[in-house]
Number of protein chains: 2
Amino acid sequence: MTTAGKRLMEHARETAALEQILGRLGWDQETVMPRGAAGQRAEELAALEKVLHARRCDPRVAEWLDAARSEDEVELAQFREIRRAHERATRVPADLAAEIARLTSLSQGIWAEARATNDLGAFAPTLSAVLRLKRQEAAALAQGGDLYDALLDDYEPGATGADLAAMFAGMRPRLVALRERILGSTRKVPGLRGSFDEAAQLGISDLAARAFGYDFSCGRIDRAVHPFSSGSGLDVRITTRTTEEEPFGCLYSTIHEVGHGCYEQGVDRAYLLTPLGRGASMGVHESQSRIYENQLGRSRAFCGWLYTRCAAVFGDMGVDGPDGFYAAANRVHSGFIRTEANEVHYNLHILLRFDLERRMIDGELEVADLETAWNERFEADFGVRVDSPANGVLQDVHWAVGLFGYFPTYTLGNVYAGCLFAAMRTAVPDWESALSAGDALPASNWLRESLQRHGARYLPRETVERAAGTPVTVAPLLDYLEDKFSALYRL
Amino acid sequence: MTTAGKRLMEHARETAALEQILGRLGWDQETVMPRGAAGQRAEELAALEKVLHARRCDPRVAEWLDAARSEDEVELAQFREIRRAHERATRVPADLAAEIARLTSLSQGIWAEARATNDLGAFAPTLSAVLRLKRQEAAALAQGGDLYDALLDDYEPGATGADLAAMFAGMRPRLVALRERILGSTRKVPGLRGSFDEAAQLGISDLAARAFGYDFSCGRIDRAVHPFSSGSGLDVRITTRTTEEEPFGCLYSTIHEVGHGCYEQGVDRAYLLTPLGRGASMGVHESQSRIYENQLGRSRAFCGWLYTRCAAVFGDMGVDGPDGFYAAANRVHSGFIRTEANEVHYNLHILLRFDLERRMIDGELEVADLETAWNERFEADFGVRVDSPANGVLQDVHWAVGLFGYFPTYTLGNVYAGCLFAAMRTAVPDWESALSAGDALPASNWLRESLQRHGARYLPRETVERAAGTPVTVAPLLDYLEDKFSALYRL
């Protein structure tokens with residue numbers, strides 16, 4: 001490597017190490033931080049973020065990038081990621097970045113209050129202000145290109161709004177049709193009944209995490225209000241939540257976060273604390289968490305094993321053996337809330353948000369017209385009228401904190417998961433028999449070898465296509481959903 | 001404030017915030033970090049320490065310091081602390097600082113191995129290398145002045161080796177005499193007997209922490225191998241340890257760390273995240289931990305309350321009521337190990353180390369002669385021959401990691417605590433009756449108001465003298481020890 005390349009990598013390694021610290025502070029804040037420390041913590045985070053921003057903007061990075069030469073594909077991929085971070089950091093004027101940071105730290109509280117009181121009017125002026133600033137940021141980033149794409153690039157490098165719109169348009173009719181067939185079915189699937197000791201839920205979640213290969217020597221599981229995964233490499237911590245009323249929330253939140261965590265733990269150690277030493281994108285990350293949670297975790301095979309573990313401590317749970325447990329874990333019920341949605345409804349929630357936020361960023365939809373647009377679309381896709389803003393446009397935090405361009409990565413992750421699941425089933429013949437014995441390693445090791453170990457070595461879509469061995473299309477996901485739910489609901 | 005002063009303070013606030021993050025990572029490492037994360041963590045810490053070093057050395061700091069003008073005493077004290085950090089950081093050549101960091105990160109492991117195998121020879125070359133580098137560092141810092149004073153200044157600004165030597169020389173004869181009278185006494189004090197549930201110990205420790213005013217909304221208590229306190233301001237966390245064999249280790253480690261923690265929590269909020277927003281020195285810190293632990297925590301008054309709490313869960317513990325419990329908590333027994341020493345022996349351990357390390361830094365004592373010097377002095381002061389290096393010169397980690405100049409702050413803290421205790425007793429007439437009811441707040445609030453709230457506003461000795469209202473002398477500590485142990489051992 002050239003001297004410039006070495007300096008660049010040394011700088012990048014230190015930046016990556018400082019980014020890990022930022023993540024650790026986030027974990028600390030949500031799990032163990034004393035509540036009185038919040039104000040001080042905000043100052044600490046701001047100081048560290050300022051250091052990181054200055055490092056990313058450092059003019060020496062541009063000089064090193066210009067001078068660095070390499071024939072090595074991995075080194076070139078490192079340079080690519082460094083350049084991306086440098087360009088994004090330098091394109092947005094410091095005043096604008098500071099204004100966005102200030103507003104979005106306040107807007108989260110305003111949104112939470114508005115949602116609690118079901119008062120969209122109290123939040124609309126703030127959302128308008130956030131939207132205005134994010135449009136400015138998009139313009140600074142896009143340099144004449146598409147505004148929405150510029151924001152999307154933060155979460156899914158290489159993706160475009162137009163490509164996603166075309167992909168999602170191919171999904172919507174089949175998803176709506178499947179939803180209607182299920183809800184028109186005479187089959188009624190009961191949920192679980194009983195009281196579920198929270199410590200026992202955590203115990204079974206722990207077993208499930210081990211079944212998927214989550215490495216506790218380089219991670220831990222704690223309780224938090226919102227489940228999340230945090231950190232890369234040798235220190236990847238996840239959280240989960242429990243409620244005594246039902247155990248699926250804890251079990252499947254855990255398996256979902258185990259998917260994120262295993263991805264980070266599974267990246268090649270040679271990339272540790274470098275720009276490649278993390279997941280390739282939000283979409284690819286979601287593909288891992290979703291395939292662990294849904295295609296594997298909610299499969300009949302794993303549900304059988306899980307039923308045995310649950311029945312031993314919770315009794316019969318009001319269901320008819322492992323088949324009833326499997327059906328309950330996949331029960332399709334209408335609902336307004338994205339985070340409570342099943343596999344069939346989930347993507348319809350996302351498609352709605354993607355279309356609306358793209359029109360907002362493009363200036364075609366203003367905040368004043370947002371609620372009407374949301375409610376009309378919701379009724380068209382879900383067949384139900386939204387009964388209140390808290391169950392509609394106010395339900396998610398994303399827009400409040402400026403995360404425009406984030407939503408589509410959820411569905412993209414599901415599409416990726418569909419492709420990967422199809423490939424895995426062919427490549428790993430014994431995945432299902434192992435899973436029915438509580439061993440997800442044949443499946444998860446294939447994912448690690450085929451995808452996870454590469455980290456951010458390839459661009460997101462290439463990462464998935466190399467693993468799947470085929471171009472990314474929506475067909476495998478839709479086929480999987482139609483097969484699974486046709487059988488479950490005897491359609 | 002002038003513009004230069006404002007820039008200086010803004011820079012200092014961010015540095016203070018980053019220093020808090022460094023402390024939080026230390027806490028994380030000792031309490032919750034997955035064991036496999038150690039290597040990655042070392043890289044993360046190194047990156048953050050490099051950022052901090054660069055900030056302290058920033059040439060703009062010197063320019064701002066030269067240009068800053070203020071009439072305000074607090075601002076001038078802030079500038080004083082910023083100047084101290086800047087000068088110390090810039091005087092030591094970067095190569096030397098890096099060499100010391102590298103060697104002392106290795107030497108801790110070599111020392112631990114040598115202590116475990118009782119093999120001084122395996123550690124001596126490493127200790128010689130550490131000593132050589134620390135002498136070089138001292139020379140760089142001292143700029144022609146006294147070498148030992150230059151190192152001491154890191155832990156106790158304003159103190160000198162000569163002053164401390166004179167102070168300690170006045171203590172040694174009375175301590176040795178008291179020790180001999182106690183060990184010659186016919187009174188035999190039994191220790192506790194029984195089995196002590198560790199969760200119950202932690203429960204009582206929690207009550208004790210609350211009794212002293214430790215604020216759990218801005219702190220927490222966890223278990224760790226070594227008890228410590230970490231953080232300043234609104235996020236001050238302490239740790240403790242337990243063993244089923246006896247409860248005093250847990251109870252008094254907790255109260256000791258509560259003293260450190262309350263000091264940091266008690267600093268005026270106006271100094272939050274500034275150079276003044278922390279304890280004034282290691283010695284003043286130790287004065288708070290020691291007065292909480294010993295003068296208050298091991299008093300007859302508090303032992304009576306503690307006995308009731310302990311007896312309720314542990315039974316009679318083999319002692320004769322609260323008086324027997326009080327005697328057991330203050331039992332004087334000969335021993336080789338500093339960290340297990342009682343109030344009478346503790347300072348003799350420190351005086352020995354202070355004299356030896358001062359001679360080592362001054363070049364009068366080489367590592368080859370250290371064991372003999374240690375053992376001769378130990379026999380003279382303790383009346384016992386050291387039976388092995390692990391019970392002698394190998395017992396402490398301090399020298400292994402280059403902490404020359406640290407030891408005397410332990411005894412200085414005890415001396416400070418003696419002065420403060422005398423003043424508190426006069427100022428707070430009801431301290432003892434409250435304490436016997438489990439309420440340490442009259443005493444600890446006096447310490448907060450008189451001393452803790454000032455943080456690093458004054459130099460260490462001035463901090464203590466303003467609170468005590470008298471010059472610092474050894475007499476109050478020695479009088480306290482002689483009174484207490486004469487009564488206990490009926491001398």
Side-chain angles (χ1 to χ4, degrees), chain A residues 10-29 31-52 54-55 214-222 231-238 261 264-265 267 269 272-274 277, chain B residues 10-29 31-52 54-55 214-222 231-238 261 264-265 267 269 272-274 277:
Chain A
E10 191 191 339
H11 191 266
R13 275 175 208 280
E14 287 170 5
T15 303
L18 295 170
E19 286 167 344
Q20 286 300 306
I21 293 174
L22 199 63
R24 214 81 67 234
L25 291 176
W27 173 86
D28 184 277
Q29 192 161 344
T31 54
V32 294
M33 186 181 82
R35 61 185 162 72
Q40 177 171 333
R41 174 57 58 88
E43 298 292 315
E44 294 167 8
L45 289 173
L48 185 54
E49 273 168 355
K50 193 168 165 185
V51 168
L52 278 163
R55 291 184 70 88
Y214 179 70
D215 180 358
F216 281 85
S217 82
C218 294
R220 49 182 292 141
I221 303 182
D222 295 88
S232 299
L234 306 177
D235 195 348
V236 182
R237 307 181 187 182
I238 64 177
E264 293 291 339
Q265 288 183 336
V267 174
R269 295 279 156 93
L272 190 69
L273 295 179
T274 74
Chain B
E10 191 191 340
H11 191 267
R13 275 175 206 279
E14 286 170 5
T15 304
L18 295 169
E19 286 168 344
Q20 286 299 307
I21 293 173
L22 198 63
R24 213 82 66 232
L25 291 176
W27 174 85
D28 184 278
Q29 191 161 342
T31 54
V32 294
M33 187 181 81
R35 60 185 163 72
Q40 177 170 333
R41 175 57 57 88
E43 298 292 316
E44 294 167 8
L45 289 173
L48 186 54
E49 273 168 355
K50 194 169 164 184
V51 168
L52 278 164
R55 290 184 70 88
Y214 179 70
D215 179 359
F216 281 84
S217 82
C218 294
R220 48 183 291 140
I221 304 182
D222 294 87
S232 299
L234 306 177
D235 196 348
V236 183
R237 307 179 187 184
I238 64 177
E264 293 290 340
Q265 289 183 335
V267 174
R269 295 279 156 92
L272 190 70
L273 294 179
T274 75

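If you're wondering where the values come from, they're calculated on a predicted model, not measured in any experiment. A note on names: the letters A, B, ... follow the listed sequences, proteins ahead of strands, and every chain is numbered from 1.
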Using non-hydrogen atoms and a 4.5 Å limit, figure out which bit of B/L48 sits close to chain A: side chain, backbone, both or neither. both
Give, for atom CE of A/M33 and atom CZ of B/R24, the distance between the pair rounded to the nearest 0.5 Å. 9.0 Å
Looking at side-chain heavy atoms only, is the closest gap between B/Q20 and A/E43 below 4.5 Å? no
Note: vs chain A, highest number of non-hydrogen pairs under 4.5 angstrom among B/L25, B/V32, B/V51 is B/V32
Is it the side chain or the backbone of A/R35 that comes within 4.5 Å of chain B heavy atoms, both, or neither? both
Where on A/D222 is there a heavy atom nearer than 4.5 Å to chain B: the side chain, the backbone, both, or neither? neither
Correct closest heavy-atom pair for B/A47 and A/A17 would be CB-CB, 3.8 Å
Mark yes or no for whether A/Q40, through its side chain, and B/S232, through its backbone, hold a donor-acceptor pair below 3.5 Å. yes
Where does A/Q265 contact chain B at under 4.5 Å (heavy atoms): side chain, backbone, both or neither? neither
Looking at every heavy atom in both A/S217 and B/P34, which two are closest together, and how far apart are they? O-CB, 3.3 Å
Against chain A, work out which of B/T31, B/T15, B/L272, B/L273 has the most heavy-atom pairs shorter than 4.5 Å and name it. B/L273
Portion of A/R13 that has a non-hydrogen atom of chain B nearer than 4.5 angstrom: neither
Applying side-chain contact (heavy atoms from CB on, under 4.5 Å), run through A/E44 and B/E19 and close with a yes or a no. CA-CA 9 Å; A/E44 294 167 8; B/E19 286 168 344; over 6 Å; no
Winner by heavy-atom pair count (cut-off under 4.5 Å) against chain A, out of B/R55, B/R237, B/K50: B/R237
Greatest number of heavy atom pairs closer than 4.5 Å to chain A - which of B/L18, B/L45, B/D215: B/L18
